[in-house]
Amino acid sequence: MPRGNQIARQWRILRMLEASKTGLRAREIHARLGGEISERTVFRDLEHLQDAGFPVYDDDGVWQVLTGGEGGYTVPVDTSELLALLLSEELLAPMRSAEVVGALASLREKVAAMLSDVGRAYAEEIKDHMVATFVGPGDYADGTVVRAVEDAISRSQQVAISYWSPRGQLTERTVDPYLLWYADARLYLVGHCHLRGAVRTFLVDRIRHIEMLDQDFDVAADFDARAFTGSGLGAWSGECRRVELEFTPPVAHLAGERRFHPSQTVTTLADGGARVTMHVAGLPHVAAWVASFGGQVVARAPDDLVEMVRAVLRRGLAAHGAT
């Protein structure tokens, strides 16, 4: 199986071929990739795409993608599936400048063209029966930073960023960009930060300047994207700790209705409450989240989480004039 940077590069090659009406020769693909790999590797990438089932073919040295008909995609879909695709726009609206979302937008346009005027009118009407909203989503309509990050990831090239922190500090960082993470309707760059000497998460909204460097990199062999992004609540990562929370009876139903974390287990208590345990990263975020329930959720373990919740509540009381 190809590694992450190979997959990203092959995705770029596929997009190149899709955008070319007359196809491309291997040497042209090689040139468009900036000579970052050999022409022989280009051929291997094209073969990998074929092996993966993509309708990529060689016509006397000119590589193309079949878009329909014999050898192309003829995927049977139901009308309800077409409507579901059209309705997906709102779900991904916050990251609309990302390349993959642009590809989905193009697909939605093609799907809409398959419908009659009555069908399109029906699709617009049915949108009012399923609405997606987000609290404080990021706004990436400009897309300059997002596209720069995507380009650097696909090329496996380091980036230099100017990163602003809420403390008012602007730091210059060199980062090996591993992935673009969509969490809680915000976009994050995850990568190895040379300033900190470790993998860090950067909110795209706070990147004031970005420049791709002429320096390639390899993703660390021990980096697991799924494990990293799944360790915390939302966009938090790091060392996982065993957390024990008690949901009092008035909010105990939430413990059964919601999956706060993949490791979550729920035990019903005699008084009607619920005990929730999970192994999760980002205790400061967990503490703020627990405090947001106004005492209806109680932290039981670990001890430092309990103290963090108390500190959050004390600051809240002080800010509101309580002693």
Would you please test Arg314 and Glu307 for salt bridge (charged side-chain N to carboxylate O under 4.0 Å, His left out) and show each step? CA-CA 10 Å; Arg314 284 195 295 266; Glu307 183 51 43; 2.7 Å; yes
For a side chain to side chain donor-acceptor pair (under 3.5 Å) check, start with the C-alpha distance between Gln296 and Thr248, then their side-chain angles and the critical distance, and finish with the verdict. CA-CA 5 Å; Gln296 300 279 33; Thr248 58; 2.9 Å; yes
Apply the test side chain to side chain donor-acceptor pair (under 3.5 Å) to residues Gln157 and Asp216: give CA-CA distance (whole Å), side-chain angles for both, the deciding distance (0.1 Å), then the verdict. CA-CA 4 Å; Gln157 297 287 115; Asp216 59 4; over 6 Å; no
Could you walk me through whether Arg186 and Tyr140 pass side chain to side chain contact (heavy atoms under 4.5 Å, CB included), step by step? CA-CA 9 Å; Arg186 311 294 289 274; Tyr140 308 104; 3.8 Å; yes
Under the criterion salt bridge (charged side-chain N to carboxylate O under 4.0 Å, His left out), I'd like the reasoning laid out for Arg147 against Glu150: C-alpha separation, chi angles, the key distance, then a yes or no. CA-CA 5 Å; Arg147 287 190 291 272; Glu150 289 181 318; over 6 Å; no
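With salt bridges taken as basic N to acidic carboxylate O contacts below 4.0 Å, one links Glu246 and Arg300. A salt bridge does not link Glu39 to Arg27: none of the charged side-chain nitrogens sits closer than 4.0 Å to a carboxylate oxygen. A salt bridge between Arg44 and Glu47 is absent, with no side-chain N of the basic residue lying under 4.0 Å from a carboxylate O of the acidic one. Ion pairing between Asp151 and Arg155 holds under the 4.0 Å rule for side-chain N and carboxylate O.
By the 30° and 60° cut-offs, the orientation of the rings of His285 relative to Trp236 is parallel.
Residues Leu187 and Leu180 have side chains in contact (heavy-atom distance under 4.5 Å, counting atoms from C-beta outward). For the pair Thr201 and Ser237, the minimum side-chain heavy-atom distance is below 4.5 Å.
For Thr277 and Thr265, the side-chain atoms include at least one donor-acceptor pair closer than 3.5 Å. Of the N and O atoms on the side chains of Ser38 and Arg40, not one donor lies less than 3.5 Å from an acceptor on the other residue. Residues Glu172 and Ser162 bring a donor and an acceptor atom of their side chains to less than 3.5 Å of each other.
Scanning both residues, Leu179 and Ala225, for their nearest heavy atoms gives CD2-CB, 3.5 Å. Contact detail for Ala255 and Val266: the closest heavy-atom pair is O-CG2, 3.5 Å.
In this structure, the ring of Phe247 has its center less than 6.0 angstrom from the ring center of Phe260. Between Phe202 and Tyr188, the gap from one ring centroid to the other reaches at least 6.0 Å.
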